**Q** 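Take this structure, written in structure tokens, and hold onto it; I'll ask about it next.
Keep in mind that what you see is a predicted model, and the values were worked out from it rather than measured. Both backbone and side-chain heavy atoms feed into the values below; hydrogens, waters and symmetry mates do not.
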Amino acid sequence: PNKAERAECKALHKAYREEWLQELAPITRKGETYQEGFLHHLKLKNKSATALARLQEHPLFSSVRALECYALDVEQVGQLQTIGRLEELVIHAFEEFRQREVSIISLLAALPFRETLQRISFVTGENSRESVFLLRALWSELKAIFPKLTRWSLQTKGCFHFSFQADEA
């Protein structure tokens, strides 16, 4: 698309965002993307679990291929019944998993899109290399849960970005 077409798309998105997202609009951060007219990448707001519980069967989730959520909402994301073909998951506030009784592995193992997930990214407010070593140690468990997983990454507060491919971990 040329510059004028991009500007027109941006104006349409701004004007119709709420209408297009329907009930998902209040729990969605700006930055969602569409492919061929379908919702493709969705960014959930923090602490969206209560609203997600009411929207478990919402049809807009069925076209989502990339989802961003917060650690406290991962369990509820696992209850979404129409999100079966997710390829990428970004989990913000990864450090919150350590503050909970349940393990990250058990939460991830309960996700319904285990067969399709190819990429997982963890974003943390911590600036600790400990998280890198922890996640690297989890690779074999993650690979067992997600057979198509080829890449996972960690981004820390200090802008460190670590990315591992399947053959590197």
Side-chain angles (χ1 to χ4, degrees), residues 24 27-29 31-36 38-53 55-157 159-169:
L24 301 185
I27 63 167
T28 304
R29 294 183 293 137
E32 71 277 356
T33 61
Y34 297 83
Q35 279 190 356
E36 299 177 4
F38 293 96
L39 187 59
H40 178 79
H41 184 149
L42 188 64
K43 298 177 177 185
L44 297 176
K45 290 181 179 177
N46 196 8
K47 299 179 183 166
S48 299
T50 304
L52 283 172
L55 300 168
Q56 287 181 13
E57 297 179 10
H58 200 286
L60 283 180
F61 285 119
S62 65
S63 64
V64 173
R65 299 294 174 265
L67 179 70
E68 294 189 34
C69 68
Y70 284 80
L72 294 176
D73 299 325
V74 169
E75 190 170 9
Q76 198 59 50
V77 165
Q79 302 301 313
L80 297 176
Q81 298 181 20
T82 58
I83 198 165
R85 298 181 354 207
L86 196 71
E87 296 172 0
E88 181 173 4
L89 178 63
V90 178
I91 301 172
H92 292 270
F94 168 72
E95 65 276 7
E96 291 178 2
F97 281 117
R98 285 199 221 128
Q99 300 166 5
R100 299 179 68 194
E101 299 281 326
V102 65
S103 78
I104 183 173
I105 293 298
S106 62
L107 282 175
L108 293 175
L111 296 175
F113 38 81
R114 292 181 305 276
E115 298 297 320
T116 60
L117 200 66
Q118 299 169 20
R119 297 171 302 281
I120 300 178
S121 297
F122 299 98
V123 181
T124 178
E126 295 179 340
N127 193 4
S128 165
R129 293 192 184 268
E130 177 185 322
S131 297
V132 176
F133 295 117
L134 171 68
L135 288 175
R136 188 173 177 131
L138 293 176
W139 175 254
S140 61
E141 292 180 76
L142 291 174
K143 191 66 177 154
I145 296 169
F146 305 107
K148 292 187 177 179
L149 190 64
T150 58
R151 191 191 69 138
W152 58 273
S153 62
L154 172 71
Q155 184 174 348
T156 67
K157 178 182 176 183
C159 297
F160 292 116
H161 192 93
F162 302 94
S163 182
F164 298 97
Q165 301 293 336
D167 56 352
E168 295 176 348

**Q** Between Phe113 and Ile83, which heavy-atom pair has the shortest distance, and what is it?
**A** CD2-O, 3.6 Å
**Q** Please report the shortest heavy-atom distance between Leu86 and Ala66, naming the atom on each side.
**A** CD1-N, 3.7 Å
**Q** Only pairs at least two apart or in different chains count here, so list each salt bridge (Lys or Arg N to Asp or Glu O under 4.0 Å) that has a residue in residues 114-123.
**A** Glu88-Arg119
**Q** Can you sort out the partners of Phe38 under side-chain contact (heavy atoms from CB on, under 4.5 Å), two or more places apart, ordered by chain and number?
**A** Ser63
**Q** Hey, what do you get for CG (Leu80) to NE2 (His58), rounding to the nearest 0.5 Å?
**A** 11.0 Å
**Q** Output all residues satisfying side-chain contact (heavy atoms from CB on, under 4.5 Å) with Lys148, sequence neighbours left out; order by chain, then residue number.
**A** Gln118
**Q** Under the side chain to side chain donor-acceptor pair (under 3.5 Å) rule, collect the residues that match up with Gln76, sequence neighbours excluded.
**A** none
**Q** Given the rule in the side-chain contact (heavy atoms from CB on, under 4.5 Å) test, do Val123 and Ile91 qualify, once you have shown the distances and angles that lead to the verdict?
**A** CA-CA 6 Å; Val123 181; Ile91 301 172; over 6 Å; no
**Q** Please identify each residue that fulfils salt bridge (Lys or Arg N to Asp or Glu O under 4.0 Å) with Arg29, with sequence neighbours left out.
**A** Glu68
**Q** Name all residues meeting the side-chain contact (heavy atoms from CB on, under 4.5 Å) criterion together with Ser48; count only those two or more places apart in sequence or in a different chain, and write none if there are none.
**A** Ile27, Leu44, Lys45, Leu52, Asp73
**Q** Test of understanding: with side chain to side chain donor-acceptor pair (under 3.5 Å), list the residues that count as partners of Ser121, not counting sequence neighbours.
**A** Ser153
**Q** Residues in side-chain contact (heavy atoms from CB on, under 4.5 Å) with Glu141, at least two apart?
**A** Ile105, Leu138
**Q** Is there a side-chain contact between Leu39 and Phe61 (heavy atoms, below 4.5 Å)?
**A** no
**Q** How long is the gap from CG on Leu117 to CG on Leu149, to the nearest 0.5 Å?
**A** 6.5 Å
**Q** Can you tell me how far the CG atom of Leu42 sits from the CG atom of Leu60, to the nearest 0.5 Å?
**A** 8.5 Å
**Q** Do the side chains of Val74 and Leu111 get nearer than 4.5 Å, heavy atoms only?
**A** yes
**Q** Return the CD to NE2 distance between Glu87 and His40, rounded to the nearest 0.5 Å.
**A** 7.0 Å
**Q** Taking only residues two or more places apart in sequence or in another chain, which ones pass side chain to side chain donor-acceptor pair (under 3.5 Å) with Gln81?
**A** Gln56
**Q** Output all residues satisfying ring-ring contact (aromatic ring centres under 6.0 Å, His included) with Phe146, sequence neighbours left out; order by chain, then residue number.
**A** none
